[in-house]
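Let me begin by presenting the structure, written as structure tokens, before commenting on it.
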Amino acid sequence: MALWRTLSIPIASPHGLILSFLLLLHSAVTTTVAIRVRTIIHDPSPVKLPVFREAPAFRNGDSCGSNKDDRIHIAMTLDENYLRGTMAAVLSMLQHSTCPENLSFHFLCAHSDVELVSSIESTFPYLNFKIYRFDSNRVRGKISKSIRQALDQPLNYARIYLADILPADVKRVLYLDSDLVVVDDIGKLWDVDMEDKVLAAPEYCHANFTVYFNDAFWSDPVLSNTFQGRNPCYFNTGVMVVDVDKWRKGGYTKKVEQWMAFHKKKRIYHLGSLPPFLLVLAGNIKPVDHRWNQHGLGGDNFEGKCRNLHPGPISLLHWSGKGKPWLRLDSRKPCVVDHLWAPYDLYRSSRHFLEE
């Protein structure tokens, strides 16, 4: 009498599939094997994050306070595509800060990701930080297509909602983009006298302000009077000191949202989250020394060609624009200024493994 036995062996393939083999064994001398393949498709694995070297520990100087009021609050977005830039930015601030242990980082991310948290903890074991989930649905219906896809990502608009996301005891915050490095004590920017303004940032009044809005805006007699009584100047929203209390009390989130909603009905600009900020605040901010945002190092929003540094002292280098230093360095076609970013790069590439 022939006996048959079923043996199911799950085998994981390199593509995340499980192949289940059904073996039918005959009891006679001659063994008959039948194979039935069953494919189970699992959810796609999360994006594989780059691996970073552990940063050194940085300690406070003797003059640093240890009270709650001595904290310097820094908000940044956390995104897989810009994680390498974020790590470099954090390292640069810790390295040049007089009181690095007083820096408190508030990271905003689009979704909760254990891997992101683990990456930060392993790279900066002594870092004071919190992670907040930014609900992309808050802006998804308000975003209009701009000149570059990266500018249309919901997380790019998270800076508008800082006052809603951060704890009530955070009265002031530094918002910084992930494509920059700080080469000075960030405490100097933190201590700027806001002079009763809701926002402080470097202003660029020599720039042609009219280019940030289209002809439909400037030809409209009502819209073109938006800046009446103000002397509007361009400022970059990638480096801002924000009085969170004044932002909340003044309802600035709603004011920015209203311009975003208007733009959905009638296109009045081409960029992403910058123009609504300008519409609400241009000409009514506290100007900060230009040294705190040497921006545009990533070139324009189309080609990202190399640019030289502007003359004058530098405290912060900002690769705003399409070109990012880590991508250009990896492509072995870096710009000269990208070598100023490289010393802060903690990315552990295969080359680093070989060197170690």
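Every value quoted in this text rests on a predicted model; they were computed, and no experiment measured them. Reckoned from all heavy atoms, side chains included, excluding hydrogens, waters and symmetry mates.
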- Do we see a donor-acceptor contact under 3.5 Å between the side chains of Arg159 and Thr237? yes
- Check: Thr253 side chain, Ile160 main-chain N or O, donor-acceptor pair, under 3.5 Å: yes
- Query: What distance separates Thr210 OG1 from Asp215 CG, expressed to the nearest 0.5 Å?
  - Reply: 9.0 Å
- Quick one: are Tyr157 and Arg138 in side-chain contact, heavy atoms under 4.5 Å? no
- Closest non-hydrogen atom pair, Gly187 against Ile72: CA-CD1, 3.8 Å
- Task: Count the heavy atoms of every other residue, nucleotide or ligand shown that sit under 6.0 Å from NZ of Lys249, and state whether that count exceeds 12.
- Result: no
- If you round to the nearest 0.5 Å, how far is CH2 of Trp326 from CH2 of Trp319? 9.5 Å
- Query: Can you tell which of Asp185, Asp62, Asn60 makes a side-chain hydrogen bond (donor to acceptor under 3.5 Å, both in side chains) with Thr98?
  - Reply: Asp185
- Task: Please tell me if the side chains of Thr77 and Thr86 come closer than 4.5 Å, counting only heavy atoms from C-beta onward.
- Result: no
- Heavy atoms only: give me the nearest Trp247-Val242 pair and the separation to one decimal. CE3-CG1, 4.0 Å
- Query: Can you list the residues that meet the side-chain contact (heavy atoms from CB on, under 4.5 Å) rule with Glu203, with sequence neighbours excluded?
  - Reply: Cys205, Cys233, Ile285, Pro287
- Is there a side-chain contact between His339 and Pro325 (heavy atoms, below 4.5 Å)? no
- Can you list every side chain to side chain donor-acceptor pair (under 3.5 Å) pair that touches residues 221-230, not counting sequence neighbours? none
- Query: Looking at Tyr234 and Ala207, what are the two nearest heavy atoms and their distance?
  - Reply: CB-CB, 4.4 Å
- Run the ring-centre check on His270 versus Tyr212 and record whether the distance is less than 6.0 Å. no
- Query: Quick one: CG on Asn214 to OG on Ser219, what's the gap to the nearest 0.5 Å?
  - Reply: 8.0 Å
- What class does the angle between the rings of His206 and His290 fall in, given that below 30° is parallel, 30 to 60° is tilted and above 60° is perpendicular? tilted
- Item | Flag, side chain of Ser118 to backbone of Val114, donor-acceptor distance under 3.5 Å | no
- Under the 3.5 angstrom rule, does the side chain of Asn67 hit a backbone N or O of Asp69 as a donor-acceptor pair? no
- Message: Set out, in order, the CA-CA distance, both residues' side-chain angles and the distance that settles salt bridge (Lys or Arg N to Asp or Glu O under 4.0 Å) for Arg307 and Asp300, then state yes or no.
- Response: CA-CA 9 Å; Arg307 286 184 178 173; Asp300 61 23; 5.3 Å; no
- Message: Just to verify, what does Phe209 make a ring-ring contact (aromatic ring centres under 6.0 Å, His included) with, not counting sequence neighbours?
- Response: Phe213, Phe227
- Between Trp292 and Asp184, is any pair of side-chain heavy atoms under 4.5 Å apart? yes
- Using a strict cut-off of less than 4.0 Å between a Lys/Arg side-chain nitrogen and an Asp/Glu carboxylate oxygen, indicate whether Lys286 and Asp193 qualify as a salt bridge. no
- Approximate separation, where rounding is to 0.5 Å, of Asp164 CG and Asp135 CG: 12.0 Å
- Item | Minimum-distance pair of heavy atoms, taken over all atoms of Met194 and Val241 | CE-O, 3.5 Å
- Task: Sort out for me which residue in Arg172, Lys171, His106 forms a side-chain hydrogen bond (donor to acceptor under 3.5 Å, both in side chains) with His73.
- Result: His106
- Message: Tell me every residue that passes ring-ring contact (aromatic ring centres under 6.0 Å, His included) with His318, counting only those two or more places apart in sequence or in another chain.
- Response: none
- So which heavy atom on Leu316 is nearest to which on Val183, and how close? N-CG2, 4.2 Å
- Note on the structure: So CZ of Arg84 and CG of Leu49: to nearest 0.5 Å the spacing works out to 13.5 Å
- Looking only at heavy atoms, the pair that brings Asp177 and Met76 closest together is O-CE, 3.4 Å
- Query: Can you list every pair that meets ring-ring contact (aromatic ring centres under 6.0 Å, His included) and has a residue in residues 160-184, with sequence neighbours left out?
  - Reply: Phe134-Tyr161
- Query: salt bridge (Lys or Arg N to Asp or Glu O under 4.0 Å) with Arg328: which residues, sequence neighbours excluded?
  - Reply: Asp338
- Item | Spacing of CG belonging to Leu340 relative to CG belonging to Leu309, to within rounding of 0.5 Å | 6.0 Å
